[in-house]
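Input: a single structure, listed below in structure tokens.
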Amino acid sequence: MIDFKQYIKEIISNALTELDVQSNVVVEKSSNPNFGDYSTNIALSLAKQLKNNPLEIAKNIGSLLKYDSDIISEHSISKPGFLNFHISDNYYQKTVNKIISASESYGMTTVGKNKTANVEFVSANPTGPLTVGHGRQAVLGDTIANILEWHNYKVTREYYYNDAGRQMRILGESVAARYFNLIGKEYKFPDDGYKGEYIISIANEIKNKHGEKLETNSTVFRKEAEKAIFNDIKKTLNSIGVNHDVFSNEQTYYDNGSIDTLVEELTNKNLIYKSDGAVWFKATDLGLEKDRVYYKSSGEATYRLPDTAYHRHKLDRSFDLVVDIFGADHADAYPDVLAALNALDVNTYPIKVLIHQFVTVLKSGEKVKMSTRKANFVTLDELINEVGTDVVRYFFIMRSMNSHLNFDLDLAADQSEKNPVYYIQYAHARISNIINNGKANNLSIDGKFDTSLLINKSEISLIKSLNDFPEVIVNVLDNLEPQIIANYLHNIASEFHRFYAKCRVITDDIELTKSRLHLIKSAKIVLENGLKILGIQAPERM
RNA sequence: GCCCCGGUAGCUCAGCUGGAUAGAGCAACGGACUUCUAAUCCGUAGGCCACAGGUUCGAAUCCUGUCCGGGGUACCA
């Protein structure tokens, strides 16, 4: 099977050579089937250079084109000066064979062969249950990891959390307050403490486990809270198919001295100074807008410092690709991290930072302000219980991460039955059912079949879309925008459903039946492969 | 003030590196089940692609400015 774009580029280049013209040829898929399958604007872009009417130029190039008529059935010229190419149906039909023989590896590449990648995502501090907002990042990160794996990367899914800072201290104090409250002693609940019910249950567990003798300065509160909350987080993630390979925490980098080393080396580079009782990183010297605090006047570090040490270590682990997925609230920090590392001659080239915008949850038409501290958030668990994991995953992946996402809970529950994800899954289930019916009639899909019988418009159209899959997957690797896959699969499902309405698969015409069984089998493969990347089930029945 | 993301159909959003009549789902209206699952299909209606300039043969897409929403902005993460 050849690359049509490449092929067309070549035949045009050959024609241009005959005209003694040099130019970069761009070939793209035609948006409208009336203009063939592929088109090029070459005549338009040459108009100025050749001082000639684009239509004339297109005619000249067209008359010099030499191509294999088995591949390209015809070419045409249209309005402003486009050259259009029609791929022969016959050649397209071979795609069915190609897909079936590649099967579950159809669309895979070896781009990442012998390469390693690290994807850091979720990274919520264990101060409370995961929220709907974390859900977006969890699904996004996991899907991107899947995409990398599809291209043969060896992927590490990593979760990094801050366990040494203020947040965790307040968490400990919140639990302690609830604990002493339970045993009837005085302890002031912190002003900005965590108010969720789960804090009380943790305090209760501590009371059951440790009795009533704990001192106010005990580290048990913080540790038990972290443990309990992390258990829940992992459980939640697992329920939507997200499993991390590595959990890293900032404490490690205090303990092993790498934070001190980092500050020392930056000091040697004259990038550290003291002011107002705080320790500053001189980011302005490295071309950034503002200097940043590393150690607050309280002596506590801000999260930038351990983050930098952590990233240095991550790069030391020599991944070929390091993907960081952050929410928009973290967008400000990574330039400082990169700048500091670059200043120390660390190569930060493997790092790709993906920033996703927030999720606004709407409940009965009202915006729900999310704060773990104030405990007015909607948990990811609640959402999963409401609509199920497939819908959750699809919902979060179908939109571009650059778009602020409005998530209407009532609508999600209402629409769950007519959710687009079911539309795709239904296509798969329908196919499975037909194939099973075929088997029941002794019609297997192992034998020979005649692709040239697939001539209905809906058949050709479906095949063309199936043929795009590898290109889509490569495209997604380049720009790491998973919503493209979701949209593509929706389109495949749509093509299939239309075909289903137009053409009956199992009929008295044995040869046609065999051909169509193969066609739907190839559609099934593409749906399965695509859904697998998205981490969504491909059900046999619905 | 400055920085980042967005502003596309009533609602939620697609629209790949600028391309030829701007798309989907939901909501509305009208059709199609004695036939492989109607969780489907077909059709109708709905848009000054925030606004104003600019670049280009050609702009939702690129540039500039304005307005609106979200996030950040020297010691929260």
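Small disclaimer: the values here were computed from a predicted structure and weren't measured.
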Expressed as a whole number of angstroms, how long is the span from A:Tyr194:OH to B:A77:P? 10 Å

Under 3.5 Å for both distances, Watson-Crick or G-U wobble, that's the pair rule; now give the dot-bracket for RNA chain B, with | marking pairs to another strand and [ ] for crossing ones. (((((((..((((.....[...)))).(((((.......))))).....(((((..]....))))))))))))....

With A:Asp332, which residues qualify under salt bridge (charged side-chain N to carboxylate O under 4.0 Å, His left out), at least two apart? A:Arg292

Is the distance between the ring centroids of A:Phe247 and A:Phe230 less than 6.0 Å? yes

Looking at every strand, decide which applies to A:Asp332 at a 4.0 Å heavy-atom threshold: base, sugar-phosphate, or nothing. sugar-phosphate

What does the B/S/- profile of nucleotides 11-20 of chain B look like, 5' to 3', with a 4.0 Å heavy-atom cutoff to protein? -BSSSB--BB

So how far is it from A:Leu489 CG to A:Ile397 CD1, rounded to the nearest 0.5 Å? 11.5 Å

A:Tyr394 OH to B:G25 P, straight-line distance once rounded to whole Å: 11 Å

For A:Tyr303, answer base if it contacts any base atom (sugar-phosphate contacts may also be present), sugar-phosphate if it contacts only those atoms, and nothing otherwise; contact means non-hydrogen atoms under 4.0 Å. base

Measuring only the C1' atom in each nucleotide, how far is B:C29 from B:A45? A whole number of Å is fine. 7 Å

Please report the distance, rounded to the nearest Å, between CD in A:Gln49 and C1' in B:C57. 15 Å

On RNA chain B, compare the nucleotides closest to A:Glu289 and A:Asn162; which residue's is nearer the 5' end? A:Glu289

Quick one: label A:Asn34 by what it contacts on the DNA or RNA (base, sugar-phosphate, nothing), any heavy atom closer than 4.0 Å. base

Within this structure, what is the CD1-CZ distance for the pair A:Ile355 and A:Phe326, rounded to the nearest 0.5 Å? 6.5 Å

B:C5 to B:U64 separation - P atoms, rounded to the nearest Å: 12 Å

Option passing side-chain contact (heavy atoms from CB on, under 4.5 Å) with A:Ile325 (candidates A:Gln137, A:His330, A:Met401): A:Gln137

I'd like to compare against my own output: the B/S/- annotation of nucleotides 40-47 of chain B with a strict under-4.0 Å heavy-atom distance to protein. SSS-----

Which pairs pass ring-ring contact (aromatic ring centres under 6.0 Å, His included) with one or both residues in residues 464-487 of chain A, sequence neighbours excluded? A:Tyr106-A:Phe469, A:Phe469-A:Tyr488

Please check if the distance between the ring centroids of A:Phe121 and A:His244 is under 6.0 Å. yes

Give A:Asp276 one of three labels, base, sugar-phosphate or nothing, depending on what nucleic acid heavy atoms sit under 4.0 Å from its own. base

Please work out if A:Ala47 contacts a base, only the sugar-phosphate, or nothing of the nucleic acid, heavy-atom cut-off 4.0 Å. nothing

Determine the interatomic distance between C1' on B:G15 and the same-named atom on B:G25; round to the nearest Å. 15 Å

Would you please indicate yes or no on a ring centroid separation below 6.0 angstrom for A:Tyr334 and A:His311? no

Contacts of A:Arg399 meeting salt bridge (charged side-chain N to carboxylate O under 4.0 Å, His left out) (sequence neighbours excluded), chain-then-number -> none

Can I get a per-line list of side-chain donor-acceptor pairs under 3.5 Å for residues 499-510 of chain A, giving both atom names and the distance, sequence neighbours left out?
unit_1, atom_1, unit_2, atom_2, d
A:Arg504, NE, A:Ile506, O, 3.0
A:Thr507, OG1, A:Asp509, N, 3.3
A:Thr507, OG1, A:Thr513, OG1, 3.3
A:Asp509, OD1, A:Glu511, N, 3.4
A:Asp509, OD1, A:Leu512, N, 3.2

For B:A22 versus B:U8, give the span between their C1' atoms, rounded off to a whole number of Å. 8 Å

Nucleotide B:C57, atom C1' - distance to CD1 of A:Ile42 in whole Å: 14 Å

May I ask you to check whether over 12 heavy atoms, not counting those of A:Gln251, lie within 6.0 Å of atom CD? yes

If you restrict it to nitrogen or oxygen atoms, what contacts under 3.5 Å exist between nucleotides 27-35 of chain B and the protein, and what is each distance?
unit_1, atom_1, unit_2, atom_2, d
B:A27, OP1, A:Lys418, NZ, 2.9
B:U35, O2', A:Arg504, NH1, 2.6

Using atom C1' in both nucleotides, what's the gap between B:A59 and B:C3 to the nearest angstrom? 26 Å

Syn or anti for B:C33? Use the chi torsion, O4'-C1'-N9-C4 for purines and O4'-C1'-N1-C2 for pyrimidines, with syn inside 90° of 0. syn

Under the side-chain hydrogen bond (donor to acceptor under 3.5 Å, both in side chains) rule, collect the residues that match up with A:His313, sequence neighbours excluded. A:Tyr253

Would you kindly compare A:Phe499 and A:Ser275 by the position of their nearest RNA chain B nucleotide and give the one closer to the 5′ end? A:Phe499

May I ask you to say what A:Ala429 touches in the nucleic acid, namely base, sugar-phosphate or nothing, with a heavy-atom cut-off under 4.0 Å? base

Length of the CG-P vector between A:Asn249 and B:A77, whole Å: 16 Å

For B:U44 versus B:A50, give the span between their C1' atoms, rounded off to a whole number of Å. 29 Å

Looking at the side chain of A:Met542, which of B:A24, B:A39, B:C57 is the nearest nucleotide? B:A39

Between B:C62 and B:U55, how far apart are the C1' atoms? Round to whole Å, please. 8 Å

Value in whole Å for how far the P atom of B:G6 lies from CD1 of A:Ile355: 12 Å

Candidate list A:Lys29, A:Lys464, A:His86, test side chain to side chain donor-acceptor pair (under 3.5 Å), partner A:Asp37, passing option: A:Lys464

Name all pairs fulfilling the salt bridge (charged side-chain N to carboxylate O under 4.0 Å, His left out) condition that reach into residues 515-527 of chain A, sequence neighbours left out, sorted by first residue then second. A:Glu459-A:Arg516, A:Lys524-A:Glu528, A:Lys524-A:Glu540

Sorted by chain and residue number, the side-chain hydrogen bond (donor to acceptor under 3.5 Å, both in side chains) partners of A:Tyr310 (sequence neighbours excluded) come out as A:Glu158, A:Lys314

Answer with base, sugar-phosphate or nothing: what part of the nucleic acid does A:His490 contact at a heavy-atom distance below 4.0 Å? sugar-phosphate

Residues in ring-ring contact (aromatic ring centres under 6.0 Å, His included) with A:His151, at least two apart? none

Starting at atom OH of A:Tyr273, determine the distance to atom P of B:C75, rounded to an integer number of angstrom. 12 Å

What is the distance from CG of A:Leu288 to C1' of B:C4, rounded to the nearest Å? 14 Å

Rounded distance in Å between the C1' positions of B:A20 and B:C57: 12 Å

